[in-house]
Enquirer: 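One structure is given below, represented as structure tokens, and several questions about it will come after.
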2 protein chains.
Amino acid sequence: MATMNDVAKAAGVSTSTVSYVLSGKRTISQETREQVLAAIRKLDYSPHSGARSLASSRSNVLGLMVPLRADVNVSVIMQFVAGVVTTARDYNQDVLLLTQDDTDGIHRVTSQSIVDGLLMMDIEARDPRIPQLAKLRKPAVLIGFPDDPQGLSCVDLDFAAASRTAVRHLSELGHRSIGFIGSPQASLERHATYADRARKGFEDACQAAGIAADPRACEPTSAALADALDAMFSRQEPPTALVVHNEGLLPLLREALALRGLQIPKDVSVVAIAPEDAAMAAAQPWTAVSIPAHDIGRAAVEMVMDRLNSDKPVEIRLIVPSLVQRETSAARS
Amino acid sequence: MATMNDVAKAAGVSTSTVSYVLSGKRTISQETREQVLAAIRKLDYSPHSGARSLASSRSNVLGLMVPLRADVNVSVIMQFVAGVVTTARDYNQDVLLLTQDDTDGIHRVTSQSIVDGLLMMDIEARDPRIPQLAKLRKPAVLIGFPDDPQGLSCVDLDFAAASRTAVRHLSELGHRSIGFIGSPQASLERHATYADRARKGFEDACQAAGIAADPRACEPTSAALADALDAMFSRQEPPTALVVHNEGLLPLLREALALRGLQIPKDVSVVAIAPEDAAMAAAQPWTAVSIPAHDIGRAAVEMVMDRLNSDKPVEIRLIVPSLVQRETSAARS
DNA sequence: CTGTTAGCGCCTTCAG
DNA sequence: CTGAAGGCGCTAACAG
């Protein structure tokens with residue numbers, strides 16, 4: 001492996017000149033620069049990240065803590081991750097993967113200066129990691145919106161507003177009784193903030209509009225869906241519309257309703273809260289409030305980098321949801 | 001941040017002693033060791049990873065290249081990843097996440113000594129990354145089994161044997177016409193090795209046993225499944241059994257068959273090639289050849305670490321599949 | 001069993 | 001606009 005010294009010799013300059021050519025932190029004459037670049041190419045030189053991080057106290061690595069839980073939807077996670085990794089590369093950062101159950105991962109990667117900053121997914125209302133992160137001298141961004149961010153940056157879709165938007169849409173179509181099929185019980189019990197907020201938003205919106213609400217948790221399985229639907233549609237005032245915040249159920253829903261003699265949207269209107277591609281995947285695309293997972297991932301990286309490179313203040317960014325009407329919602333018949 | 005020097009002073013020893021206490025690379029008296037450990041605790045010392053990697057040319061980081069493609073099943077990926085990350089931690093390594101489309105990611109993390117070794121997922125038959133990896137001086141492990149590994153380590157489930165096992169099971173139950181519902185067309189076209197091998201194994205096994213075979217590619221959507229089933233069951237010799245190598249379709253299959261008046265296993269036996277948990281998720285658990293994604297991930301890490309720490313030879317490890325009969329396969333009626 | 005010391009490769013201040 | 005040189009924190013000979 002060639003070192004910076006080798007390059008300097010080959011180019012007939014000093015190492016500092018090579019360093020500055022690379023970092024652009026001072027002006028170098030066109031001529032010298034080209035010599036240096038030529039030498040770099042010739043020797044196939046790459047800087048040694050350890051040496052760089054030792055000298056500059058920057059590792060150019062961001063830590064991303066990902067949930068590998070059964071109760072969170074994997075495809076949404078992947079989209080977040082994709083957004084994070086892609087954006088990180090734009091900032092010349094790499095991404096280190098941490099898992100939720102790596103309990104002292106935060107301390108390890110941070111105290112050893114393995115990472116410059118942290119991104120935390122799947123935040124809970126009173127997430128025990130928050131106080132830990134708040135003490136660090138490295139920036140951290142929460143993807144989620146806890147009860148008390150303790151001075152940390154947060155970014156997420158405004159899930160409460162997402163539900164409200166869905167309810168408003170259905171209300172405008174004349175629906176007066178709406179069911180909500182949400183995240184699995186486990187997500188609610190640990191107060192994953194997206195699950196809590198979506199459900200709360202739904203209840204509040206229905207109450208405000210004087211609409212009968214029937215929110216239910218649901219595992220992403222046929223059996224659980226069947227139970228939920230049976231319960232909903234055997235009530236005195238069965239729903240004429242559903243809000244579904246559970247991507248895993250979308251592929252199952254149409255047939256489950258069909259088995260009960262219900263057609264979409266003739267008998268039941270449905271609004272999904274789901275990533276765009278999940279909503280578009282079906283033969284009959286879902287009317288949906290989209291979860292811009294990729295964009296949220298991007299925003300999260302931008303926010304850490306902002307705090308790393310400048311003294312931009314901490315911010316809490318709630319992304320405003322938007323609903324696209326497609327083929328699964330219609331006026332109440 | 002305390003440095004090793006601070007610790008040494010506090011403990012009244014030299015830095016090398018501290019270093020050796022930490023690395024265990026030479027014997028230290030009980031007494032000194034305890035002094036050092038006490039000082040470490042008191043100062044809340046952590047070694048600086050950059051400095052360490054500079055001095056030892058080991059970063060303690062493994063690179064993992066993950067496909068973020070639409071045509072690969074995300075939940076299987078997550079299980080691989082979980083296996084990799086967990087095992088990496090057992091070896092005191094962290095995991096850096098690279099994506100397939102980060103075209104020069106391999107060169108970057110490798111030439112800058114960001115990682116000590118690489119794990120590549122979703123290998124294709126003639127994967128263009130293989131020659132690139134073969135040239136490196138860092139170990140790499142392929143998760144998959146390409147036409148020519150070029151001296152690299154490989155590990156994967158023996159998908160051909162998985163299909164053979166499934167066919168044998170069905171054959172023993174008396175089935176003489178078997179359909180195969182496999183990976184999406186896109187996976188086959190780029191010759192993802194699991195897709196190719198599973199399909200090939202199916203065809204070969206059927207031919208050898210004189211069984212009518214009907215292999216089809218299928219997207220993980222209701223519509224695609226409907227097409228595939230319609231085509232299969234409108235043939236002269238409709239299948240009495242199916243082998244399904246596509247986790248995304250499992251939640252949809254029962255109802256799709258029911259719509260056509262077919263019950264499992266009375267009218268159609270089904271063997272899934274899928275992760276254990278996917279097979280067990282259904283109300284009626286699937287007879288399945290399991291894809292031990294987590295174990296494969298673990299094995300992959302063990303193999304890089306072997307090559308990193310010792311001079312164990314390169315190996316190609318094909319994991320022998322095993323079938324568990326559950327409720328979806330029965331004797332041909 | 002322990003200490004001394006020379007790097008590892010890069011960044012950056014200080015001189016020029 | 002460029003060079004010289006110290007130091008970042010740790011490892012691993014070498015010396016005792």
Side-chain angles (χ1 to χ4, degrees), chain A residues 1-37 39-40 43-61 92 108-114 116 137 309, chain B residues 1-37 39-40 43-61 92 108-116 137 308-309:
Chain A
M1 288 284 95
T3 74
M4 201 151 138
N5 227 320
D6 301 333
V7 173
K9 279 179 198 153
V13 300
S14 73
T15 58
S16 62
T17 301
V18 178
S19 175
Y20 285 120
V21 167
L22 254 26
S23 70
K25 289 192 182 176
R26 81 182 180 193
T27 42
I28 303 278
S29 71
Q30 185 62 19
E31 197 185 7
T32 340
R33 158 189 270 84
E34 273 165 17
Q35 307 240 304
V36 170
L37 291 176
I40 287 177
L43 299 180
D44 189 24
Y45 164 78
S46 307
H48 185 287
S49 77
R52 166 176 287 173
S53 94
L54 179 56
S56 69
S57 36
R58 278 287 191 105
S59 66
N60 285 14
V61 173
N92 190 32
R108 175 166 39 84
V109 299
T110 237
S111 65
Q112 302 190 163
S113 296
I114 296 176
D116 293 336
R137 292 207 286 309
N309 295 330
Chain B
M1 288 284 94
T3 74
M4 198 150 161
N5 228 319
D6 301 334
V7 173
K9 279 179 197 152
V13 300
S14 72
T15 58
S16 64
T17 299
V18 178
S19 175
Y20 286 120
V21 166
L22 254 24
S23 70
K25 289 192 181 175
R26 79 182 181 192
T27 42
I28 303 277
S29 71
Q30 185 61 19
E31 195 186 10
T32 341
R33 160 191 269 84
E34 273 165 16
Q35 308 241 303
V36 170
L37 291 176
I40 288 178
L43 300 179
D44 188 24
Y45 165 77
S46 307
H48 186 286
S49 78
R52 166 177 287 173
S53 96
L54 178 56
S56 70
S57 35
R58 278 287 191 103
S59 66
N60 285 16
V61 173
N92 192 31
R108 176 166 38 84
V109 300
T110 237
S111 65
Q112 303 188 164
S113 296
I114 296 176
V115 304
D116 293 335
R137 293 205 287 311
L308 223 39
N309 294 331

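All chains are named by letter (A, B, ...) in the order of the sequence lines, taking the proteins before the strands, and each is independently numbered beginning at 1. Because the structure is predicted, anything quoted here is derived from the model rather than measured.
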Enquirer: Give the rounded distance in Å between these two atoms: CZ of A:Arg26 and P of D:dA4.
Expert: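 That distance rounds to 12 Å.
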Enquirer: Do you know the tightest heavy-atom contact between B:Ser46 and A:Gln112?
Expert: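 Scanning both residues, the minimum pair turns out to be CB-CG, 4.1 Å.
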Enquirer: State whether A:Thr27 places a side-chain N or O below 4.0 Å from either non-bridging phosphate oxygen (OP1 or OP2) of D:dC1.
Expert: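 Indeed, a polar side-chain atom of A:Thr27 lies that close.
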Enquirer: Heavy atoms only, 4.0 Å cut-off, all strands: where does A:Ser23 land among base, sugar-phosphate and nothing?
Expert: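 It contacts nothing in the nucleic acid.
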Enquirer: Please determine whether a side-chain nitrogen or oxygen atom of B:Arg52 lies at a distance below 4.0 Å from atom OP1 or OP2 of D:dT11.
Expert: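 Answer yes for this pair, as a side-chain N or O of B:Arg52 is under 4.0 Å from OP1 or OP2.
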Enquirer: Checking all strands, does B:Val18 fall into the base, sugar-phosphate, or nothing category for heavy-atom contacts under 4.0 angstrom?
Expert: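 The residue B:Val18 makes no contact with any strand.
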Enquirer: So for the helix from C:dC1-D:dG16 to C:dG16-D:dC1, with five pairs setting each end axis, what is the inter-axis angle to 10°?
Expert: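 The two end axes of the helix from C:dC1-D:dG16 to C:dG16-D:dC1 meet at 30°.
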Enquirer: Using a heavy-atom cut-off of 4.0 Å across all strands, would you classify B:Ile28 as base, sugar-phosphate, or nothing?
Expert: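 Sugar-phosphate contact only.
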Enquirer: Measuring from atom NE2 of A:His48 to atom CG of A:Leu54, what distance do you get when rounded to the nearest 0.5 angstrom?
Expert: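 With rounding to 0.5 Å, NE2 (A:His48) is 10.0 Å from CG (A:Leu54).
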Enquirer: Checking side chain to side chain contact (heavy atoms under 4.5 Å, CB included) against A:Thr32, which of A:Leu37, A:Val18, A:Val21, A:Thr17 comes through?
Expert: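 When A:Leu37, A:Val18, A:Val21, A:Thr17 are each tested with A:Thr32, the side chain to side chain contact (heavy atoms under 4.5 Å, CB included) holds only for A:Thr17.
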Enquirer: Any side-chain N or O of B:Ser29 less than 4.0 Å from the OP1 or OP2 oxygen of C:dT2?
Expert: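 Result: yes.
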Enquirer: Is there a side-chain contact between A:Tyr45 and A:Leu22 in this structure, where contact means two heavy atoms from C-beta onward sitting under 4.5 Å apart?
Expert: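 Counting from C-beta outward, A:Tyr45 and A:Leu22 do come under 4.5 Å.
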Enquirer: So, is B:Lys25 close to the D:dA12 phosphate, meaning a side-chain N or O under 4.0 Å from OP1 or OP2?
Expert: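 So the side-chain polar atoms of B:Lys25 do come within 4.0 Å of the phosphate oxygens OP1 or OP2 of D:dA12, strictly under.
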Enquirer: Expressed in angstrom and rounded to an integer, what is the separation of B:Leu22 atom CG from D:dC10 atom P?
Expert: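 Whole-Å distance recorded here is 9 Å.
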Enquirer: Quick one, A:Glu34 with A:Gln30, criterion side chain to side chain donor-acceptor pair (under 3.5 Å). Give me CA distance, side-chain angles, the key distance, then yes/no.
Expert: CA-CA 6 Å; A:Glu34 273 165 17; A:Gln30 185 62 19; 2.7 Å; yes
Enquirer: What is the distance, to the nearest angstrom, from the OH atom on B:Tyr20 to the P atom on D:dG9?
Expert: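 That distance rounds to 20 Å.
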Enquirer: Taking only side-chain nitrogens and oxygens of A:Tyr45, does any of them come within less than 4.0 Å of OP1 or OP2 of C:dC10?
Expert: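 Answer is yes, contact under 4.0 Å.
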Enquirer: Under a 3.5 Å distance rule, please check whether B:Arg33 uses its side chain to pair with a backbone N or O of B:Ile28 as donor and acceptor.
Expert: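 Such a contact is found between B:Arg33 side chain and B:Ile28 backbone.
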Enquirer: What's the closest nucleotide to the B:Ser56 side chain, out of D:dT2, C:dG9, D:dT11?
Expert: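 Nearest to the side-chain atoms of B:Ser56, counting from C-beta on, is D:dT11.
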Enquirer: I'd like to know if the side chain of B:Ser56 and the backbone of B:Arg52 have a donor-acceptor N/O pair within less than 3.5 Å.
Expert: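 Checking the backbone N and O of B:Arg52 against the side chain of B:Ser56, a donor-acceptor pair under 3.5 Å is found.
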Enquirer: For B:Ser16 and C:dG3, is the shortest distance between a side-chain N/O and OP1 or OP2 below 4.0 Å?
Expert: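 For C:dG3, OP1/OP2 do not have a side-chain N/O of B:Ser16 under 4.0 Å.
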Enquirer: Using heavy atoms to find the nearest nucleotide of DNA chain C for A:Ser49 and B:Thr17 separately, return the residue whose nucleotide is more 5′.
Expert: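 Checking each residue's closest nucleotide, the 5'-ward one belongs to B:Thr17.
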Enquirer: Keeping the roles fixed (side chain from B:Ser59, backbone from B:Ile114), state whether a donor-acceptor pair exists under 3.5 Å.
Expert: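 Between the backbone of B:Ile114 and the side chain of B:Ser59 there is a qualifying donor-acceptor contact (under 3.5 Å).
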Enquirer: According to a strict under-4.0 Å criterion, is B:Ser14 in side-chain N/O contact with OP1 or OP2 of C:dG3?
Expert: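 So the side-chain polar atoms of B:Ser14 do come within 4.0 Å of the phosphate oxygens OP1 or OP2 of C:dG3, strictly under.
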Enquirer: Rounded to whole Å, please give me the gap between CD in B:Glu34 and P in C:dC1.
Expert: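 Rounding to the nearest Å, CD of B:Glu34 and P of C:dC1 are 14 Å apart.
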Enquirer: Between A:Val61 and B:Val61, is there a side-chain heavy-atom distance shorter than 4.5 Å?
Expert: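 Not in contact.
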Enquirer: Give the nucleotide from the list C:dC11, D:dG9, C:dC10 with an atom nearest to the side chain of A:Thr15.
Expert: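 The nucleotide sitting nearest to the side chain is C:dC11.
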Enquirer: Roughly how many Å is it from CG in A:Asn5 to C1' in C:dC11, rounded to a whole number?
Expert: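 Those two atoms, CG and C1', are 13 Å apart.
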Enquirer: B:Gln30 has an atom CD; how far is it from atom C1' of C:dT2, in whole Å?
Expert: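 Result: 16 Å.
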Enquirer: Calculate the interatomic distance between B:Asp6 atom CG and D:dC8 atom P; express it in whole Å.
Expert: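 Distance check: B:Asp6 CG to D:dC8 P gives 11 Å.
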Enquirer: When we call it a touch if two heavy atoms are under 4.0 Å apart, what does B:Thr32 touch: a base, just sugar-phosphate, or nothing?
Expert: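 It contacts sugar-phosphate atoms only.
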Enquirer: Over how many whole Å does the gap from B:Met4 atom CE to C:dT4 atom C1' extend?
Expert: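 Whole-Å distance recorded here is 14 Å.
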Enquirer: Should B:Ser19 be listed as having a side-chain N or O under 4.0 Å from OP1 or OP2 of D:dT11?
Expert: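 For D:dT11, OP1/OP2 do have a side-chain N/O of B:Ser19 under 4.0 Å.
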Enquirer: Hey, which sits more toward the 5' end of DNA chain C by its nearest nucleotide, B:Ala51 or B:Arg33?
Expert: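 Here B:Arg33 is the residue nearer the 5' end.
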